[in-house]
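The figures that follow rest on heavy atoms only: side chains count, while hydrogens, waters and symmetry mates do not.
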Amino acid sequence: MKRYIIVCLSILFFSSCSNWLDVQPKTTVEEEEVFSREIGFKEALTGIYIKIASKDLYAKNLSYGFLDILGQRYEPSNVEAYQDELWYTFPSTKTESYTTTIWGKMYNIIANVNNLLYYCDKKRDVFTTENYYEIIKGEALGLRAFLHFDLLRMYGTIYEQNPTSKRIAYRTVFNREPKEMQASNVVVDSIIADLKQAEILLTDTDPLNFDFPKDEYEEQNMTSDRFLFYRHKRMNLYAVKALLARVYLYAGNKIEAANYAKQVIDSKQFDFVADVADLQRSKEIVFSIYVDDFDLQVKEEFGTNGSYYVSTMNFLYEMFDVTHDGTNDFRIREGVSFDFALNGITTRKYRQENMWPSTEGTVVLIRLAEMYYVLAECAADAQTAAGYLNEVREARGVDPTGLTEATRLNEIEKEYRKEFYGEGQLFFFYKRHGYTTFLHCPVERMVEKNYMFTWPENEELFGMTN
């Protein structure tokens, strides 16, 4: 029997970033035909990025939505809306719809990635453009690792405490066969293996086009291969290296975590942005996604009728440690990073007005500052750790901080609160370190089950993924 797949066909063009993807209706097509031409691989890879950038995943719930609700980032007028123990009960009426949807959609994308990887080698002869095979396969491997890692971070136990628990399966084959759950440390090994292979494929082939044209005229005058524009919105070589730093830190291998974090920093591809008008801090973006029609989504979610806001100044000031650091930090400054209004305080991070073509519709998934925080955790002593934190703090317009070994983690946690607002990383930090409580947490004492997403009912029944 011939194998079929639902493929999201798209035409790539770059007259402006808002028109980055013109998505035609999904069509069931025979795989052999799709992958009989180089453009079929480009379309299939593009379809994967489109699926990743859905509101159910990284365009909302795995960035500023569900994950940041769990990180206690918001305070609607009805405080009980988010400061409720049910948000940390898995399953519950608050959480079950999220965890079921995330699981299904993530594994669906992984299936699409696995199918693409299968045909990359089966149809390698159709690649006629130099380095396209290496780039497309490298990106796909990096995405497979990225998706599995976030599944593990969400559905897994606290890794440091229980690294052999069986919570997810690392799927590498496109089929409908159930696969048994694997030990978390085995999954981590598979993630690292995929990332190492991606690193090899992308080294000396990735064009590293981290350009940020500020208007359509500049964009139209970009002369490189248009499929390889905007590498900050693709799984580029340094996104792979940054993800390796993130994974190694998660696994407790501080030597390799620091090694890869330094490689990202020392590449000089990224730099801290001093221009407060550059809301996304463009040159700091290591990996992000493009969200089509994001301007409409932002108006709805962060507007007067949205749910993602802070209703009292005290709540925001606690989050940004204003008592200690003051309000010079531009990450909290009114009119720069937040809008202060009578109906609530909302982030400006995703405002789309006057956005550059190269940064509009952008949700950042890995940024430069995280590499400095990795180094701060891995540093041999507190003084060195403080130095890494202070490089970020200086770039944000805030005075340097001192720390001791006893206060190191606390100071890093504060920086996570400030730097990754609306990006979904804070909850993962709390879980990785097994925090028993955190700022504005409604649970008296957090334990592992309060951090661990539950499987959909059919997975719990059969103990496998399908």
Side-chain angles (χ1 to χ4, degrees), residues 60 63-65 67-69 71-79 81-83 212 214 272-285 288 294-356 359-364 367-369 373 389-401 411 413-426 438-440:
K60 178 181 175 180
S63 53
Y64 69 82
L67 285 182
D68 257 13
I69 290 172
Q72 286 298 319
R73 300 303 221 165
Y74 309 112
E75 182 209 28
S77 301
N78 177 8
V79 176
Y82 296 146
Q83 291 189 295
F212 291 91
K214 297 183 179 182
F272 288 116
V273 174
D275 181 5
V276 295
D278 184 354
L279 296 181
Q280 287 288 4
R281 301 194 288 277
S282 56
K283 289 297 291 183
E284 301 180 20
I285 301 173
S288 63
F294 197 46
D295 56 335
L296 302 178
Q297 181 177 325
V298 169
K299 286 179 182 178
E300 178 184 353
E301 302 283 4
F302 296 99
T304 55
N305 297 319
S307 303
Y308 302 100
Y309 65 91
V310 172
S311 59
T312 63
M313 194 73 72
N314 186 58
F315 187 96
L316 188 73
Y317 277 11
E318 283 184 299
M319 191 185 310
F320 283 82
D321 195 28
V322 168
T323 301
H324 181 262
D325 283 339
T327 57
N328 285 333
D329 190 332
F330 78 66
R331 292 172 295 189
I332 192 179
R333 201 177 304 167
E334 181 179 5
V336 175
S337 293
F338 284 90
D339 285 323
F340 291 22
L342 291 177
N343 59 338
I345 304 166
T346 55
T347 181
R348 292 176 57 85
K349 184 174 285 187
Y350 296 120
R351 292 274 302 254
Q352 299 295 290
E353 294 87 347
N354 303 315
M355 192 73 75
W356 304 341
T359 57
E360 65 181 358
T362 298
V363 173
V364 178
R367 63 171 66 252
L368 177 64
Y373 300 155
L389 292 188
N390 288 331
E391 289 195 55
V392 182
R393 290 169 63 89
E394 181 181 2
R396 304 298 180 240
V398 63
D399 292 337
T401 187
E411 292 300 318
E413 183 263 343
K414 290 179 185 178
E415 288 301 307
Y416 268 77
R417 292 203 316 245
K418 301 169 191 174
E419 187 68 20
F420 302 120
Y421 189 91
E423 296 180 15
Q425 295 303 316
L426 183 60
F438 49 82
L439 187 63
H440 303 133

(request) Take atom NZ of Lys283 as the centre, draw a 6.0 Å sphere, and report whether it contains more than 12 heavy atoms from other residues, nucleotides or ligands. (result)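 Buried by this count: over 12 neighbours within 6.0 Å.
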
(request) Decide if atom CG of Asp275 counts as having more than 12 heavy atoms of other residues, nucleotides or ligands within a radius under 6.0 Å. (result)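 More than 12 heavy atoms, drawn from other residues, nucleotides or ligands, come within 6.0 Å of this atom.
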
With rounding to the nearest 0.5 angstrom, report the [atom1] to [atom2] distance, [X] to [Y].
| X | Y | atom1 | atom2 | value |
| --- | --- | --- | --- | --- |
| Met313 | Ile345 | CE | CD1 | 4.5 Å |
| Leu279 | Thr362 | CG | OG1 | 11.0 Å |
| Arg393 | Lys418 | CZ | NZ | 4.5 Å |

Partner set under salt bridge (charged side-chain N to carboxylate O under 4.0 Å, His left out) for [X], not counting sequence neighbours:
| X | answer |
| --- | --- |
| Arg73 | Asp68 |
| Glu301 | Lys55, Lys60 |
| Glu419 | Arg281, Arg331, Arg396 |

(request) Could you tell me whether Lys414 and Asp325 make a salt bridge, using a distance below 4.0 angstrom between a side-chain N and a carboxylate O? (result) no

(request) Give a yes or no on whether the backbone of Gly422 and the side-chain of Tyr350 come within a donor-acceptor separation of less than 3.5 Å. (result) yes

(request) Taking Gln425 for its side chain and Tyr416 for its backbone only, find out whether a donor-acceptor pair lies under 3.5 Å. (result) no

(message) So, using side-chain hydrogen bond (donor to acceptor under 3.5 Å, both in side chains) as the criterion, who are the partners of Glu394 when residues are at least two apart?
(response)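 So Glu394 forms no side-chain hydrogen bond (donor to acceptor under 3.5 Å, both in side chains) with any residue.
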
(request) Just jot down the side-chain hydrogen bond (donor to acceptor under 3.5 Å, both in side chains) partners of Glu423, sequence neighbours excluded, or say none. (result)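 Glu423 satisfies side-chain hydrogen bond (donor to acceptor under 3.5 Å, both in side chains) with Lys349, Arg367 only.
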
(request) Take Tyr309 and Ser77 through the test side chain to side chain donor-acceptor pair (under 3.5 Å) and record every step on the way to the result. (result) CA-CA 9 Å; Tyr309 65 91; Ser77 301; 3.2 Å; yes

(message) For Ser307 versus Tyr74, what's the shortest heavy-atom pair and its separation?
(response)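 Nearest heavy atoms, Ser307 then Tyr74: O-CB, 4.4 Å.
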
(message) So, using ring-ring contact (aromatic ring centres under 6.0 Å, His included) as the criterion, who are the partners of Phe338 when residues are at least two apart?
(response)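 Phe338 satisfies ring-ring contact (aromatic ring centres under 6.0 Å, His included) with Phe320, Tyr421 only.
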
(request) Using the six-membered ring wherever Trp is involved, compare the ring planes of Phe302 and Tyr308 and label them parallel, tilted or perpendicular (cut-offs 30° and 60°). (result)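 Aromatic pair Phe302/Tyr308 classed tilted.
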
